[in-house]
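Here is the structure we will look at, set down as structure tokens.
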Amino acid sequence: MTARTLNLDDSLYSYLLDVSLRETPLLKRLRDETQALPTARWQVAPEQGQFLALLVKLTGARRLLEVGTFTGYSALCMAAALPDDGSLICCDIPGDYNATAVRYWQEAGLAERIDLRLAPALETLAQLSGRFDLIFIDADKANYPSYLEHALRLLRVGGLAVFDNTLWSGRVLESNPDSADTRAIQALNRALKGDARVDLSLLPIGDGLTLCRKR
Ligand code: CA
């Protein structure tokens, strides 16, 4: 027994997936196809996708926003958890992988719920207004602090911003990182701790997932 978060070795992680992952054959196929790409590391872990879907249902979210969509795995998980009148706006830059995302959304019958906007996310976010219920952020890390500000502007009170990769494979521990990405994640993490605008939890799921509830 321990009072700290457990380290998952390979066998315990396999067990976690074995007893809890309910990945559909379509999601599994999308994950396998994405694994063949040189940028496969951009894909969320399957248990993260399932957790995001649970968050959508727990919060009763109807209006979703995703910043960083890649081949569409997390978007597919969240869109499937929406009620029939729910919607998801996805932000990504143009790339070969956009077509993969759309192809799987169509195959799932969920493409009508998803509005993919191909432009630098900061441009798309600046054009958005209104009240989103949940925003998932998994894009260029150097802009994470800016994405937080947009998220707090766009979320309703009680809405949830979710940031991926906030443990950054442990590189958040570096004292003088060369990488602007690492510095931005460190800055976000430190700033969030004292940010009175949000309730906060950093979960060690996947590469670290930070939940911020707008107060
Ligand atoms: Ca990620």
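A salt bridge between Arg156 and Asp133 is present, with a side-chain N of the basic residue lying under 4.0 Å from a carboxylate O of the acidic one. The pair Glu174-Arg183 fails the salt-bridge criterion, with no side-chain N (NZ, NE, NH1 or NH2) lying under 4.0 Å from an Asp/Glu carboxylate O. Looking at Arg117 and Asp115, a side-chain N of the basic residue comes within less than 4.0 Å of a carboxylate O on the acidic one, giving a salt bridge. Between Lys141 and Asp181 there is no salt bridge, since none of the side-chain N atoms of the basic residue sits less than 4.0 Å from a carboxylate O of the acidic one.
Here the side chains of Leu192 and Val198 are in contact, with some heavy-atom distance below 4.5 Å. In this structure, Leu27 and Cys77 have side chains that are in contact, with non-hydrogen atoms separated by less than 4.5 Å. Taking 4.5 Å as the limit, some side-chain heavy atom of Arg103 sits within range of a side-chain heavy atom of Thr100. Taking the side chain as every heavy atom from C-beta outward, Phe163 and Ile135 never approach each other to under 4.5 Å. Residues Val172 and Thr182 fail the side-chain proximity criterion, which asks for heavy atoms closer than 4.5 Å. Trp42 is not listed as a side-chain neighbour of Leu37, based on a closest heavy-atom distance of 4.5 Å or more. At least one side-chain heavy atom of Leu128 sits less than 4.5 Å from a side-chain heavy atom of Leu65. The shortest distance between side-chain heavy atoms of Leu134 and Leu55 falls below 4.5 Å.
Of the listed residues (Leu88, Leu64, Asp84), just one forms a side chain to side chain contact (heavy atoms under 4.5 Å, CB included) with Arg113, and that residue is Asp84.
Between Leu30 atom CG and Leu76 atom CG the span is 6.5 Å, to the nearest 0.5 Å. We find the CD1-OH distance between Ile185 and Tyr144 to be 6.0 Å, quoted to the nearest 0.5 Å. In this structure, OG in Ser20 is found 11.0 Å from CD in Glu23, a value given to the nearest 0.5 Å. Rounded to the nearest 0.5 Å, atoms CZ (Arg153) and CG (Leu148) are 12.0 Å apart. Atom-to-atom distance recorded for Leu125:CG and Ser146:OG is 9.5 Å, nearest 0.5 angstrom.
In this structure, Arg29 places its CZ atom where more than 12 heavy-atom neighbours from other residues, nucleotides or ligands lie under 6.0 Å away. With a 6.0 Å radius and a threshold of 12 heavy atoms from other residues, nucleotides or ligands, Asp85 has its CG atom above the threshold. When the shell of 6.0 Å around CG of Asp178 is examined, it contains 12 or fewer heavy atoms from other residues, nucleotides or ligands. The environment of Asp32 atom CG is dense: over 12 non-hydrogen atoms of other residues, nucleotides or ligands sit within 6.0 angstrom. Atom CZ of Arg213 has more than 12 heavy atoms from other residues, nucleotides or ligands within 6.0 Å. With a 6.0 Å radius and a threshold of 12 heavy atoms from other residues, nucleotides or ligands, Tyr15 has its OH atom at or below the threshold. At most 12 non-hydrogen atoms from other residues, nucleotides or ligands lie less than 6.0 angstrom from CD1 of Ile93.
Under the 3.5 Å distance criterion, with hydrogens and angles disregarded, a donor-acceptor pair is assigned to the side chains of Thr69 and Glu66. Judged by distance alone, the side chains of Thr210 and Thr166 do bring a donor and an acceptor atom under 3.5 Å apart.
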Yes or no on salt bridge (Lys or Arg N to Asp or Glu O under 4.0 Å) for Arg22 and Glu47, after CA distance, side-chain angles and deciding distance? CA-CA 9 Å; Arg22 296 176 171 181; Glu47 69 275 21; over 6 Å; no
Between Glu33 and Tyr73, does a side-chain hydrogen bond (donor to acceptor under 3.5 Å, both in side chains) hold up when you go through it step by step? CA-CA 11 Å; Glu33 186 175 330; Tyr73 187 96; over 6 Å; no
